[in-house]
**Q** 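Here you go, one structure.
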2 protein chains.
Amino acid sequence: MASNKREQFTAAQQQTAAIAKALGHPARVAIMQLLAQREACVCGELVLALPLSQSTVSQHLKELKAAGLVQGEVDGARVCYCIDVAGWALARQLLGDLLAELPTATAGPTNCC
Amino acid sequence: MASNKREQFTAAQQQTAAIAKALGHPARVAIMQLLAQREACVCGELVLALPLSQSTVSQHLKELKAAGLVQGEVDGARVCYCIDVAGWALARQLLGDLLAELPTATAGPTNCC
DNA sequence: ATTTGTCATCGTAAATCGACGATAAGCAAA
DNA sequence: TTTGCTTATCGTCGATTTACGATGACAAAT
């Protein structure tokens, strides 16, 4: 029962949190960077580029896929992972909105009380 | 031994992941929004605004504070929470960098392989 | 057909998370 | 000082996460 209460929040808040959570591990950040820079693509390449075992990398990829950030295409015996353009656009919007929600900097008064 | 391997990643990757992780829960997203919009500030107000118990909200605040996103000032018997300007700027930069790392949209070829 | 290589899944173990009530610690008012 | 309000911390519970090796599934090569 770690989180039944999630339903009590906005859909946008849940989506934002889900995306942030998916990015909430250094390995997954690294994977997204590798994919973005096209330095790696096939699962095996990612395994070589990361200090983790094959099964662990596969699990991280599964989570990124579940969050809609990544997309996997089977290519023969291999699987090519790409960034999911639509999902990434949503992430950009949701996280961007959240980041923009605070007036850039010390624009207003620093203290709230 | 859930994550000894974190040390194997870049400092930037770890920081990015830590910030994303802190935002990886709807309650904490909601708290950041409430603070950003100055709709609430004192811990008690946050508790009223959220469908969670006082101790749970306190714990979420603790995590946000640990991530450097939030700052708490004692004001008599109450505690006023504000967004940590410096930490938030760092979050903006790190997450912004990550989001920008992918060429905006369908600029390049959609497939990688 | 057998072997090899690639990837996903299963099972497992330790650690962490999310949530709560209960309790402590602090200040403010009576 | 005693009472009451506000917040933090403790202890606990089940659920989830992270990680791994082992095993399975499937394509390609021998």
Side-chain angles (χ1 to χ4, degrees), chain A residues 1-9 13-14 17-31 35 40-67 70-82 112-113, chain B residues 1-9 13-14 17-31 34-35 40-67 70-82 113:
Chain A
M1 199 240 279
S3 51
N4 286 341
K5 297 297 182 66
R6 270 189 223 277
E7 296 148 13
Q8 309 258 12
F9 295 93
Q13 287 170 340
Q14 293 184 50
I19 289 170
K21 188 176 185 181
L23 296 175
H25 192 287
R28 293 194 289 267
V29 171
I31 289 175
L35 293 183
C41 161
V42 175
C43 177
E45 292 174 337
L46 294 169
V47 172
L48 288 184
L50 297 170
L52 296 171
S53 76
Q54 181 264 323
S55 58
T56 304
V57 171
S58 197
Q59 252 182 311
H60 282 304
L61 284 168
K62 188 181 177 182
E63 285 185 57
L64 287 172
K65 214 162 78 177
V70 142
Q71 203 175 10
E73 271 183 47
V74 179
D75 174 33
R78 338 194 137 198
V79 176
C80 166
Y81 283 96
C82 317
C112 51
C113 299
Chain B
M1 197 239 278
S3 52
N4 287 343
K5 297 295 183 66
R6 272 189 221 279
E7 296 145 14
Q8 309 257 10
F9 295 93
Q13 287 170 340
Q14 291 183 51
I19 289 171
K21 190 176 184 179
L23 296 175
H25 192 286
R28 294 195 286 269
V29 171
I31 289 176
L34 288 170
L35 292 182
C41 161
V42 175
C43 176
E45 293 174 336
L46 293 170
V47 172
L48 288 184
L50 297 171
L52 297 171
S53 76
Q54 181 266 323
S55 59
T56 304
V57 171
S58 197
Q59 249 182 309
H60 283 305
L61 284 169
K62 188 179 178 183
E63 285 184 59
L64 287 172
K65 213 161 79 177
V70 143
Q71 204 176 9
E73 272 184 45
V74 178
D75 173 32
R78 340 195 136 197
V79 177
C80 166
Y81 282 97
C82 318
C113 300

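Letters A, B, ... are given to chains in the order of the sequence lines, protein chains preceding strands, and every chain is numbered from 1. These numbers come from a predicted model, not from an experiment. Because only heavy atoms are used, hydrogens play no part in the values below, and waters and symmetry mates are left out as well, while side chains stay in.
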**Q** Measuring to OP1 and OP2 of dC20(D), would you say a side-chain N or O of S53(A) lies under 4.0 angstrom away?
**A** yes
**Q** Counting N and O atoms only, with roles assigned by atom type, does the side chain of Q14(A) sit under 3.5 Å from a partner on the main chain of F9(A), one being a donor and the other an acceptor?
**A**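 It does hold such a pair.
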**Q** What's the separation between atom CG in L35(A) and atom CG in L46(A), rounded to the nearest 0.5 Å?
**A**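 Here the rounded value is 5.5 Å.
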**Q** Please report, rounded to the nearest Å, how far the C1' atom of dG18(C) is from the CD atom of Q8(A).
**A** 14 Å
**Q** Measure the distance from CG on L50(A) to C1' on dC7(C) and round it to the nearest whole Å.
**A**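 It is 15 Å, rounded to the nearest whole Å.
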**Q** Please state how far atom CD in Q14(B) lies from atom P in dT18(D), giving the value in whole angstrom units.
**A** 14 Å
**Q** Quick one: list whatever passes side-chain hydrogen bond (donor to acceptor under 3.5 Å, both in side chains) with T56(A), sequence neighbours left out.
**A** S53(A)
**Q** State whether K21(B) places a side-chain N or O below 4.0 Å from either non-bridging phosphate oxygen (OP1 or OP2) of dT17(D).
**A** no
**Q** Residues in side chain to side chain contact (heavy atoms under 4.5 Å, CB included) with A67(B), at least two apart?
**A**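 Here the qualifying residues are A22(B), L69(B).
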**Q** Tell me the interatomic distance from L52(B), atom CG, to dC17(C), atom P, rounded to whole angstroms.
**A**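 It works out to 17 Å between those atoms.
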**Q** Using heavy-atom distances to pick each residue's nearest nucleotide on DNA chain D, tell me which of G76(A) and E63(A) is more 5'.
**A**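 Checking each residue's closest nucleotide, the 5'-ward one belongs to E63(A).
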**Q** Let me check something: any side-chain donor-acceptor pairs from residues 58-66 of chain B under 3.5 Å, sequence neighbours excluded? List them with distances.
**A**
residue, atom, partner, partner atom, Å
H60(B), ND1, R28(B), NH1, 2.9
E63(B), OE1, R28(B), NH1, 3.2
E63(B), OE2, R28(B), NH1, 3.4

**Q** List the residues meeting side chain to side chain contact (heavy atoms under 4.5 Å, CB included) with A18(A), not counting sequence neighbours, and say none if there are none.
**A** none
**Q** Taking only side-chain N and O atoms of H60(B), does any of them lie within less than 4.0 angstrom of OP1 or OP2 on dC17(C)?
**A** no
**Q** How does protein reach along nucleotides 2-9 of chain D, written 5' to 3' as B (base within reach of a heavy atom under 4.0 Å), S (only sugar-phosphate), or - (no contact)?
**A** ----SBBB
